[in-house]
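To start, the structure itself, in structure tokens.
Whatever order the structure lists ligands and atoms in, that order sets their numbers, starting from 1. Sequential numbering from 1 along the given sequence is applied to the chain's residues.
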Amino acid sequence: MKMIKHQFLYQLSFLPRIFPVNCYFVEEQDSLTLIDCALPYSAKAIMQAAETIGKPIGTIVLTHAHEDHVGSLDALKQALPQVPVYLSARDSRLLEGDLSLDTNEPQTPIRGSVATKLSTRPDVRLQDGDRIGSLLAIAAPGHTPGSMAFLDTRTQALVAGDALQIRGGVAVAGQLAPWFPFPAMATWNAEKALYSARKLAALGPSLLAVGHGSFLTNPGPVMNKAIRKAEIQLAKHHPEGGGNHVT
Ligand SMILES: [Zn+2]
């Protein structure tokens with residue numbers, strides 16, 4: 001495990017060379033907020049990292065319900081039973097094994113390894129706009145229906161889960177980056193993901209931190225480039241949605 005710090009944000013990276021998986025600590029005055037919890041064996045390293053920083057884990061926040069983001073949740077909750085767990089109301093359904101879609105959602109199948117075998121349930125079911133310490137929860141559906149991103153309101157650092165990827169080239173969820181295709185393969189709906197990426201870029205983040213790939217400072221231009229690329233790809237596959245369609 002490798003740990004890198006930027007202002008109040010610590011990136012913990014597992015398997016950095018093979019299949020890099022990140023989780024994050026956000027430093028608050030007296031405690032740490034853990035965003036995502038990596039792989040099943042990551043619990044010990046996460047707890048040791050908190051000891052190194054010298055503050056207790058006060059809150060666990062999850063971006064979405066895929067296994068490589070919630071892997072060590074049961075082990076952490078067992079070690080820290082008093083620590084509340086936050087996940088969007090929508091992705092909380094996925095944890096319970098309910099992969100059904102609502103009638104107002106695009107009817108594309110939910111993809112990727114959804115963590116349906118955990119026994120931990122969220123203590124708080126997040127909605128768009130909720131606050132968790134310094135963090136603002138922002139609904140960013142697309143990779144999964146209930147994906148959320150978290151903006152540190154002190155620094156404008158954005159932790160975006162798998163709404164975008166950085167490893168293998170910056171890409172909006174659902175757009176295939178040939179050198180690291182896994183997030184795209186695990187994405188529920190590329191149109192929704194594009195809409196969410198536009199919303200996240202419009203926040204003007206100072207730093208982008210995602211599930212797969214290193215920190216990216218001043219990410220605006222690169223995010224906008226990835227968004228344009230996604231727009232072109234989606235217009236190709238769905239010309240009726242791309243405007244300029246003449247019958
Ligand atoms: Zn994912």
Side-chain angles (χ1 to χ4, degrees), residues 11-16 18-24 34-42 46 60-74 76 85-99 101 105-106 108-118 120 122 125-126 137-150 158-197 199-200 208-216 223 226 230:
Q11 181 181 65
L12 281 63
S13 187
F14 294 87
L15 302 175
I18 313 154
F19 184 89
V21 172
N22 300 326
C23 63
Y24 294 90
L34 176 66
I35 303 183
D36 287 345
C37 45
L39 302 159
Y41 67 81
S42 306
I46 290 171
I60 298 173
V61 178
L62 304 167
T63 60
H64 65 293
H66 277 153
E67 275 174 347
D68 54 334
H69 292 255
V70 302
S72 68
L73 183 62
D74 278 355
L76 286 171
V85 175
Y86 292 65
L87 173 65
S88 72
R90 183 66 187 87
D91 266 28
S92 295
R93 264 169 59 189
L94 306 189
L95 276 194
E96 285 154 14
D98 174 8
L99 302 191
L101 294 160
E105 289 175 336
T108 47
I110 291 168
R111 298 165 81 181
S113 309
V114 174
T116 54
K117 297 205 164 57
L118 293 177
T120 305
R125 295 178 174 227
L126 285 171
I138 299 152
H143 182 64
T144 61
S147 285
M148 278 201 155
F150 299 96
L158 180 71
V159 179
D162 286 350
L164 292 113
Q165 71 180 74
I166 291 175
R167 174 78 168 193
V170 176
V172 174
Q175 299 304 312
L176 197 70
W179 293 106
F180 195 71
F182 312 108
M185 288 156 58
T187 292
W188 163 57
N189 190 273
E191 281 87 1
K192 282 272 186 195
L194 172 59
Y195 179 85
S196 292
K199 181 173 150 185
L200 297 178
L208 179 65
V210 299
H212 309 285
S214 314
F215 278 146
L216 194 63
M223 286 174 83

Tell me whether Y41 at atom OH has more than 12 heavy atoms from other residues, nucleotides or ligands lying less than 6.0 Å away. yes
Of the backbone and side-chain N, O or S atoms of H66, does one lie nearer to the Zn ion (ligand 1) than 2.8 Å? yes
Does one side chain, of H66 or D162, offer a donor that lies under 3.5 Å from an acceptor on the other? no
Closest D162 atom to the Zn ion (ligand 1) [N, O or S only]: OD2
Considering only N, O or S atoms of H64, the one closest to the Zn ion (ligand 1): NE2
With no hydrogens and no angle check, do the side chains of T108 and W188 hold a donor and an acceptor under 3.5 Å apart? yes
Would you compute the distance between atom OG of S214 and atom CD of Q11 and round it to the nearest 0.5 angstrom? 6.0 Å
